[in-house]
Amino acid sequence: MHEFGAKPDGLTYNVMIKLCARASRKHLLVFVLERILEMGITLCMTTFQSLVAAYVGFGDLEIAESIVQAMREGRRDLCKIIRELDLEDYSSENEGDDDDDEVFEKLLPNSINPSSEPPLLPKTFAPNSRIYTTLMKGYMNEGRVSDTVRMLGAMRRQEDDASHPDHVTYTTVVSALVKAGSMDRARQVLAEMTRIGVPANRITYNILLKGYCQQLQIDKAKELLREMADDAKIEPDVVSYNILIDGFILIDDSAGALTFFNEMRARGIAPTKISYTTLMKAFALSSQPKLANKVFDEMLRDPRVKVDIVAWNMLVEGYCRMGLVEEAKRIIERMKENGFYPNVATYGSLANGISLARKPGEALLLWKEIKERCEVKKEGVNADSDLPPPLKPDEELLDALADICVRAAFFRKALEIVACMEEHGIPPNKTKYKKIYVEMHSRMFTSKHASQARQDRRRERKRAAEAFKFWLGLPNSYYGSEWRLDPMDGDEYITATLKERFYTVLTIQ
DNA sequence: ATAGGGTTAG
């Protein structure tokens, strides 16, 4: 920056706070503040605002609260306060990506050798309603409704006008109440807003609409939609309608969803990609993939919106819900041709479709594709940009695949998948797999009349089955008959990582 | 794409 003769200002560092937040560098936040002070840059309220928002984003309400409290008390040793709290729960484990270390060291050289005495604020800053509201959001995020409401009361009692609750503060309270399912109390807050002359806006109403939909009170939502237009003179927008359309899905009414989609367009409100995708969801979830496809085609034709991965996935989901694997695979080919790589949601839908269609062979193909994308290819990073981006599988996807493989007696693959689950910190549902195994395969390989040739062919599968039983903690050829069939034993006995374990087992014989 | 409190799809 200096090379270009440009000097960083307060805004620069507000961006940097956001950068630290996005890169999961909580412990660096305090050094942004210190850097601003060391460079003699004029501090402004937005910096404190950004800081509190960042800590709230990290879910660290202790530091967020302490900043607000220190500001209230007019303390100038804020950096020291934050540093000490930061130290208490410091762990480098979840502090971002090592590769970014150098960048941050350059941006915040003071973070490497922190000054022994953190700098003082040049003057004091009193919190304003924005900062209070940000802290309030922290309470809301943690479901602390009574703290949210108590905060509102405290703000009302403040002497300075800058700290009084405004429409955003009230909307945050409404949101907290709605999240807790307290629609009546939320309506009381809305009434209070009108009464005291802090009028609700479209966002407030949209939050309430969402609340009624979540409570499956679609009639109340429709009523409120009318009320906001007729009484409050706030025209519903595309978000309001998207919420209602989704509300119809929640009560299994795809026809109602379509009606509202059409009503929205009749009112001259342009659908967004979310509107289209939500309507597709209505048809996908009601086993009408062809209708979902029609919506998708209309979305393709609408120049105002761009089809994205979510829309493609919804299309795939529609076919997979019906177990139409071939159609789903064709869609996935098309999405690839259009430059979209399938993601966990795509593969998750497909895995469920394969399970429904009872085509375990498809699961093997899918697992092969997923496995290739799970492996982090260090060498390929700089070269071929054509490589699909690495995939982070989730529990739903891997569990669906493992389930299929266990049912189909693909034990080697099942072990690969559970190993992958452990690598990604997902606890495999051993109890479920054990149940499937016992119910479906416990009599496997027990036929005494099999020919020698057939027994030879089965050897490899049998070894895999034994390894799988070992992992499940079921009696197996390695531990013989002394093994008790106790659901807890397997978990307690086995301590090595799964990968080490089953590879060792497979090479014993 | 790039600070600044509250809402919508997978």
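The chains referred to below are lettered A, B, ... by the order of the sequence lines, with proteins before strands, and numbering in each begins at 1.
For A:Lys273, the side-chain hydrogen bond (donor to acceptor under 3.5 Å, both in side chains) partners two or more places apart in sequence, or in a different chain, are A:Asp308. Applying the salt bridge (charged side-chain N to carboxylate O under 4.0 Å, His left out) rule to A:Arg265 yields the partners A:Glu298; only residues at least two apart in sequence or on another chain are considered. For A:Arg321, the side-chain hydrogen bond (donor to acceptor under 3.5 Å, both in side chains) partners two or more places apart in sequence, or in a different chain, are A:Glu317. Applying the salt bridge (charged side-chain N to carboxylate O under 4.0 Å, His left out) test to A:Lys80 and every residue at least two apart in sequence or in another chain returns A:Glu84. A search for ring pair (Phe, Tyr, Trp, His ring centres under 6.0 Å) contacts involving A:Tyr319 returns nothing, not counting sequence neighbours.
A:Thr169 comes within 4.0 angstrom of a nucleotide base, judged by non-hydrogen atoms across all strands. Using a 4.0 Å heavy-atom distance criterion, A:Asp237 is classed as making no nucleic acid contact. Within the nucleic acid shown, A:Ser275 has no heavy atom closer than 4.0 Å to any nucleic acid atom. At the heavy-atom level, A:Asp308 lies under 4.0 Å from base atoms of the strands shown. Within the nucleic acid shown, A:Thr134 comes within 4.0 Å of sugar-phosphate atoms alone, with no base atom in reach, counting heavy atoms only. The residue A:Asn343 sits apart from the nucleic acid: no heavy atom pair falls under 4.0 Å.
Salt-bridge annotation for A:Asp297 and A:Lys294: absent, with no side-chain N of the basic residue lying under 4.0 Å from a carboxylate O of the acidic one.
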Under 3.5 Å, side-chain donor or acceptor atoms of residues 251-264 of chain A against the rest of the protein: list the pairs with distances, not counting sequence neighbours.
| unit_1 | atom_1 | unit_2 | atom_2 | d |
| --- | --- | --- | --- | --- |
| A:Asp253 | OD1 | A:Ala255 | N | 3.3 |
| A:Asp253 | OD1 | A:Gly256 | N | 2.7 |
| A:Ser254 | OG | A:Gln288 | NE2 | 3.3 |
| A:Thr259 | OG1 | A:Ala255 | O | 2.8 |
| A:Asn262 | ND2 | A:Leu258 | O | 3.4 |
| A:Glu263 | OE2 | A:Tyr241 | OH | 2.7 |

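Among residues at least two apart or in separate chains, side chain to side chain donor-acceptor pair (under 3.5 Å) pairs with a member in residues 183-204 of chain A are A:Arg156-A:Glu192, A:Tyr170-A:Glu192, A:Thr171-A:Thr204, A:Arg187-A:Tyr212, A:Arg187-A:Glu227, A:Asn201-A:Thr204.
A distance of about 15 Å separates the P atoms of B:dG6 and B:dT2, rounded to the whole Å. Rounded to whole Å, the separation between the C1' atoms of B:dT8 and B:dG4 comes to 22 Å.
Partner of A:Gln49 under the side-chain hydrogen bond (donor to acceptor under 3.5 Å, both in side chains) criterion, out of A:Asn128, A:Thr133, A:Thr134: A:Thr134 alone.
Residues from residues 204-231 of chain A lying near DNA chain B, meaning a heavy-atom separation below 4.0 Å, are A:Thr204, A:Asn206, A:Ile207, A:Lys210 in numerical order.
In the 5' to 3' direction, nucleotides of DNA chain B lying under 4.0 Å from heavy atoms of chain A begin and end at B:dA3 to B:dG10.
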